[in-house]
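We count ligands from 1, going down the list as the structure has it; atoms in each ligand are counted the same way. The figures here come from the full heavy-atom set of this structure, side chains too, leaving out hydrogens, waters and symmetry mates.
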Amino acid sequence: MPLPATPTREFITGLPKAELHLHLEGTLEPELKLRLAERNGIDIGQTTVEEVRATYEFDSLASFLAVYYPAMEVLQTPDDFYELADAYLARAAADGVKHVEMFFDPQAHTSRGVSFDAVVTGYHRAAAEAPEKHGVDAHLVLCFLRDMSAESAAEALEASVPYRDKIVGVGLDSDERGNPPEKFAEVFDRARDLGYRLTAHCDIDQEGSIDNIRTVLDRIGVDRVDHGTNVVEDPALVDVVRERGLGLTCCPISNSFVTDDMKATEIAGLLRDGVRVMLNSDDPAYFGGYVADNYVALAEAADLTTVEVVQLARNSFEASWLTDEQRAAYLADIDGYVAAYEADAV
Ligand code: ADE
Ligand code: ZN
């Protein structure tokens with residue numbers, strides 16, 4: 001019996017997936033934020049979950065970031081970073097995530113006096129425990145804050161060298177306006193020389209989005225692009241992305257907060273054109289949806305078939321930085337899940 005034509009939430013949740021666009025600091029749920037504020041004696045100006053949620057008013061990347069960065073003040077000790085990552089990994093496991101490459105922003109912490117070591121030690125402890133504790137294979141990706149200087153990014157990169165075995169790659173995030181990727185070209189060159197994999201945000205509908213996508217492909221030489229949905233503006237560039245097999249890490253629910261829609265037509269169009277797109281949650285504590293919610297939202301908005309949803313999950317592993325052997329094992333797990341689902345449906 002064939003798979004159901006329309007993907008159900010249950011099917012989506014059980015489907016093995018990789019999450020490749022997830023900011024650990026964006027997983028700080030109001031409950032944990034309040035608990036850490038109390039533990040560390042920090043006045044964040046709110047004392048209830050409702051009050052915290054009431055501050056979540058954003059309609060652009062800049063207005064989101066204005067809420068996002070001040071909240072990080074509650075993160076002070078290695079245990080705080082550990083608890084944040086551990087809570088995310090438990091939640092991701094419940095959504096069928098088997099492999100995750102998690103962004104973190106060291107400069108957002110070192111700039112307020114928290115040591116690089118505290119951040120990486122806490123996050124890495126959670127990642128190291130995750131296979132046994134949550135059944136999730138977890139890796140760290142260091143992001144440079146693009147609204148800070150290239151010198152500051154270079155410092156963060158050098159600070160990472162003693163932790164080289166705990167970090168799989170580097171990325172570029174924060175406010176894109178006025179901060180094009182070429183500002184960090186030399187920092188990325190050095191990161192590549194250090195053996196890091198490379199990715200960079202090309203956020204949705206930014207000034208110069210399409211030029212920035214061209215730059216990260218041609219000058220930076222990224223291994224994938226975060227968001228990057230505006231590539232649809234240039235069909236020749238879509239061909240480049242498809243031919244190189246580059247992943248575009250799309251985040252439909254996040255898109256609907258920082259722009260006026262989830263870009264369902266564009267994401268589904270890229271999928272149907274054979275581009276390696278997959279779905280991710282970006283900053284789930286702020287945008288109100290974890291990875292399975294993103295699959296459900298796009299499936300509904302773009303009328304995805306079950307076969308298309310399976311292709312998204314396959315793309316998530318194809319675009320990951322796993323070894324070929326690990327990737328093949330996860331892809332076989334997807335085949336096994338689909339086969340078992342078909343057998344059960346008979
Ligand atoms: N930092 C956290 N989420 C981000 C996003 N979606 N874009 C840029 N920087 C971010
Ligand atoms: Zn992001």
Exercise for the section: Compute the minimum heavy-atom distance from Phe64 to ligand 1 and say whether it is under 4.0 Å. Expected result: yes
Practice task
Please examine the side chains of Asp79 and Arg39, heavy atoms only from C-beta on, and report whether any two atoms are closer than 4.5 Å.
Solution key: yes
Problem - Contact check: Cys251 to the Zn ion (ligand 2), N/O/S below 2.8 Å - result: no
Exercise for the section: Please find out if the Zn ion (ligand 2) and some N, O or S atom of His227 are separated by less than 2.8 Å. Expected result: no
Closer than 4.0 Å to some heavy atom of [X] - which atoms of ligand 1 meet that?
| X | result |
| --- | --- |
| Asp283 | 2 (C), 3 (N), 4 (C), 6 (N) |
| His227 | 6 (N) |
| Leu61 | 5 (C), 7 (N), 8 (C) |

Exercise for the section: Kindly check if the number of other-residue, nucleotide or ligand heavy atoms within 6.0 Å of CD (Glu31) is above 12? Expected result: yes
[X] N/O to ligand 1 N/O under 3.5 Å:
| X | answer |
| --- | --- |
| Asp203 | yes |
| Asp282 | yes |
| Asp105 | no |
| Ser174 | yes |

Handout entry: Salt-bridge present (Arg125, Asp86; N to O < 4.0 Å)
Key = no
Practice task
Check the pair Asn212 / Gln206 against side chain to side chain donor-acceptor pair (under 3.5 Å), numbers first and verdict last.
Solution key: CA-CA 9 Å; Asn212 291 348; Gln206 298 291 298; over 6 Å; no
Problem - With Arg244, the salt bridge (charged side-chain N to carboxylate O under 4.0 Å, His left out) member among Asp218, Asp239, Asp223 - result: Asp218
Exercise for the section: Could you please spell out the steps behind the ring pair (Phe, Tyr, Trp, His ring centres under 6.0 Å) verdict for Phe287 and Phe64? Expected result: CA-CA 10 Å; Phe287 301 137; Phe64 159 66; 4.8 Å; yes
Practice task
Do me a favour and list the nearest non-hydrogen protein atom to atom 4 (C) of ligand 1 with residue, atom name and distance?
Solution key: His23 NE2, 3.5 Å
Problem - Any side-chain donor near an acceptor of the partner, Ser63 and Glu57, under 3.5 Å - result: no
Handout entry: Name of whichever N/O/S atom of Asp282 is nearest to the Zn ion (ligand 2)
Key = OD1
Problem - His201, N/O/S atom nearest the Zn ion (ligand 2) - result: NE2
Exercise for the section: Ignoring hydrogens and angles, tell me if any N or O in the side chain of Asp80 forms a donor-acceptor pair with the backbone of Thr77 under 3.5 Å. Expected result: yes
Completion exercise
For NE2 in His23 and NE2 in His21, the angle at the Zn ion (ligand 2) (nearest 10°) is 110°
Practice task
Kindly work out whether a path of hydrophobic side-chain contacts (I/L/V/M/F/W/Y, heavy atoms less than 4.5 Å apart) joins Val232 to Val240.
Solution key: yes
Handout entry: Residue part near ligand 1, for Tyr68, under 4.0 Å between non-hydrogen atoms
Key = side chain
Exercise for the section: Establish, yes or no, whether a centroid distance under 6.0 Å links the rings of Phe257 and Tyr286. Expected result: no
